[in-house]
Amino acid sequence: MSEEQLRTPEPSADPAAYLGLLARGAAVEAYDRPVLLARASGAGPDALAALEHAKQLALRVRAELEGRRRREAELSALFETAHDLAGLRDLDAVLRAIVQRARSLLGTEVAYLSLNDPAAGDTYMRVTEGSVSARFQQLRLGMGEGLGGLVAQTARPYVTESYFDDERFRHTRAIDSGVRDEGLVAILGVPLMLGSQVIGVLFAADRRARVFEREQVALLGSFAAHAAVAIDTANLLAETRSALAELERANGIIRAHSGVIERASEVHDRLTELVLRGGGVHDVAAAVSEVLDGSVEFTEGPLPSECVDGHATRRGDEWVAAVSAGGEVLGALVLHGHPDLDPVDQRTLERAAMVTSLLLLARRSAGEAEQRVRGELLDDLLDAPERDRRLLKERAARLRADFDAPHVVLAARIDRPDAPAGPYADRHTDPQTDPHTDPHATERDGADRQRLWSAASHLAATRHGLASARDGGTVLLLPLGPGDTAADLARQTAKHLGGTLREPVTVGASSPVDAPATHPGAIAPAYAEARRCLDALRLLGRSGEGAAASDLGFLGLLLADTRDITGFVTRTIGEVVAYDRSRGTELVRTLDAYFASGMSPVRTKDELHVHVNTVAQRLERIGRLLGPDWQSPPRSLEIQLALRLHSMSAAVAR
């Protein structure tokens, strides 16, 4: 017997031999030896079957022991990772520990972790372990690109035994170059999840072909869950620190502006008191003036577009806060003498503007009853002027309207770019019967008419006049101020209503009605004239303007009920006629001959029997009197009509 045989005891054919193999943790190959020796020694079939059965039982026990040892190591690693998270101080350190443990437990050559970049829409390498390629460590993967991009896109784990032979992934030159530099072949990737959101991917990889088992996929998934918790915890800590810093800054601002806040509280109390005791707009302005240490006044009228957004706006050395309600600008609070206004004081001014709008709305609400009364009186003047003149005058006196003074009737309408024009513009179809009617447009028109009536009623009340909604627009009866003309009043009204509503408002005016109390029947014809003037303005493309018939030349002469021929002649060629009368010249005769001769100076001199230079001198004088455009087609037509009317009136006078 050899020395080797003496040192190595002969394996027994007894099944109990497998207990010794289990005890010393023998390799799997050693479990075949007892069966082989028994067969070589001539053991019978029953003995061999018993040994084979004992072998299978021993291998099963060995696998169970190996699994338990592996699970023990995994649980230990997971416990250590959880311990690291509990004392989290450095996110990078925790992520490196997770990657290192994943590489160790899965027995891979490389492990790495990538995070998604929402701004760039891709995922980038954050931590690597076992990597030797700089290009690989700087890789960025687009969503769906490579194995990692697919995991980040689908939120599912993916594994490949041979990356370059796997067609499930979208291969790109950059990614494949990085993987090739690193020499990776088998790759396992699992998603890092926060709720249902993928924030990154955890990988384990080898530089040789390898099959990753289901337990290994689950283990890497557990590490990925810990990594996601670490990232979320770090983000929460960062947000907490940021919130604490913000709170500290806020406390500093509060301490620095405590005086301003006290002033804001004071103005709030004072404004509340003003509202409760029925104070007015000027009381609000006075209270804010004291609190802001400046001069505040309330102004009415239109504002620039940059001042109507609801915020206090600096304009030069002034601060302006619009007073508005429902899209209508009622005026503004203007602060003088305080160019440097901090945000809290700005909000104080804005709050005061809001209170002012509430007071104005309350006042308007109280005045709506009076407005309805004014509208009813104007409707009676238009529909039944002769019913009871004495009663009409008494009703006007109660509304502080002086019907013994000259008045002008005005027809007003909001004009949009797509609004119809012409004499049929106010004939609205019934949306219930007309299939082409846009219900939204009909609703918008109704809202426009209501807004226009409200603004016109307010204007009429301040001017001691009347206003009523009528024929798809609004009709106003306003007194004519000293030195004003009907055209002046129309332009003022269009500007005021347009600025208030921030919409183009077209206004047509009638000729003045001397005394509505004496001639109530003249109101209805005057309204018809104002509507004709309104339609003419819209047809002429002058929407958003105000005018009377006198502004429209010979067209106005045709539209006006008064047929003011003398006024038309005076407005058109009055200066030429006056020049002839004062100097005894013949400019009117020359002008008439010039048009009769087809505007030819040569034929004109033959008609007048004068030298052509004389004609030229007279035409030059006429140009200075009538303006440089007197020979343009529109002006020349009006001048020729005025010349005919002038000659007819002169013949009648003789």
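Asp176 is listed as a side-chain neighbour of Phe164, based on a closest heavy-atom distance under 4.5 Å. By the 4.5 Å heavy-atom criterion applied to side chains, Tyr163 and Asp166 are not counted as neighbours. Between Glu145 and Phe169, the closest side-chain pair of non-hydrogen atoms is not below 4.5 Å. Between Leu106 and Leu188 there is a side-chain heavy-atom pair separated by less than 4.5 Å. Residues Leu333 and Leu335 are not in side-chain contact: their nearest non-hydrogen atoms beyond the backbone lie 4.5 Å or more apart. Thr500 has its side chain out of reach of Arg451: every pair of non-hydrogen atoms, C-beta onward, lies at least 4.5 Å apart. The side-chain heavy atoms of Arg156 and Val151, taken from C-beta on, include no pair separated by under 4.5 Å. In this structure, Phe203 and Ser114 have side chains that are in contact, with non-hydrogen atoms separated by less than 4.5 Å.
Panel note: side chain Arg103, backbone Glu109; a donor-acceptor pair is recorded below 3.5 Å. In this structure, Ser177 contributes its side chain and Arg173 its backbone to a donor-acceptor pair below 3.5 Å. Side chain of Asn116 to backbone of Pro118: no donor-acceptor contact under 3.5 angstrom is found. Gln153 places no side-chain N or O within 3.5 Å of a backbone atom of Leu150 that could act as its donor or acceptor partner. A donor-acceptor contact shorter than 3.5 Å links the side chain of Arg207 to the backbone of Glu182. Side-chain N or O atoms of Ser131 include none that pairs as donor or acceptor with a backbone N or O of Gln137 at under 3.5 Å. Looking at Ser41, its side chain does come within 3.5 Å of a backbone N or O of Leu37 through a donor-acceptor pair.
Distance OG1/Thr154 to CE/Met143: 10.5 Å, rounded to 0.5 Å. Atom-to-atom distance recorded for Gln197:CD and Ile199:CD1 is 7.5 Å, nearest 0.5 angstrom. Going from atom CG of Asp117 over to atom CZ of Arg126 covers 12.0 Å, rounded to the nearest 0.5 Å. The CZ atom of Arg135 sits 13.0 Å away from the CE atom of Met125 when rounded to the nearest 0.5 Å. In this structure, the separation between CG on Leu219 and CZ on Arg214 is 15.0 Å, given to the nearest 0.5 Å. In this structure, Asp165 CG and Thr160 OG1 are separated by 8.0 Å, a value rounded to the nearest 0.5 Å.
Between Val179 and the choices Leu147, Leu184, Val185, the side-chain contact (heavy atoms from CB on, under 4.5 Å) rule is met once, by Leu184. Checked against Arg140 for a side-chain contact (heavy atoms from CB on, under 4.5 Å), the options Thr123, Asp122, Ile175 give a single hit: Asp122.
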Given side chain to side chain contact (heavy atoms under 4.5 Å, CB included), test Val334 with Val296 step by step and report yes or no.
CA-CA 5 Å; Val334 182; Val296 178; over 6 Å; no
I would like to know whether Val505 and Leu452 meet side chain to side chain contact (heavy atoms under 4.5 Å, CB included); could you show each step before the answer?
CA-CA 9 Å; Val505 177; Leu452 178 60; 4.1 Å; yes
Stepwise, does the side chain to side chain contact (heavy atoms under 4.5 Å, CB included) test hold for Thr313 with Trp319?
CA-CA 6 Å; Thr313 305; Trp319 284 87; 5.7 Å; no
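For Leu139 against Ala174, the heavy-atom pair with the smallest separation is CD2-O, 3.5 Å. Nearest heavy-atom pair, Val198 versus Ala155, reported as atom, atom and distance to 0.1 Å: CG2-CB, 3.3 Å. Among all heavy-atom pairs drawn from Arg210 and Gln216, the shortest one is NH2-NE2, 2.8 Å. Between Val201 and Ala152, the shortest heavy-atom distance links the atoms CG2-N, 3.9 Å. Pairing each heavy atom of Ala224 with each of Leu192, the nearest pair is O-CG, 3.8 Å. Counting all heavy atoms, side chain and backbone alike, Ala205 lies closest to Ile187 at CB-CG1, 4.0 Å.
More than 12 heavy atoms of other residues, nucleotides or ligands shown are found within 6.0 angstrom of NE2 on His336.
With hydrogens and angles left out, the side-chain atoms of Asp206 and Thr108 include no donor and acceptor closer than 3.5 Å.
Using a 30° and 60° split on the angle between ring planes, Tyr112 and Phe136 fall in the perpendicular class, above 60°.
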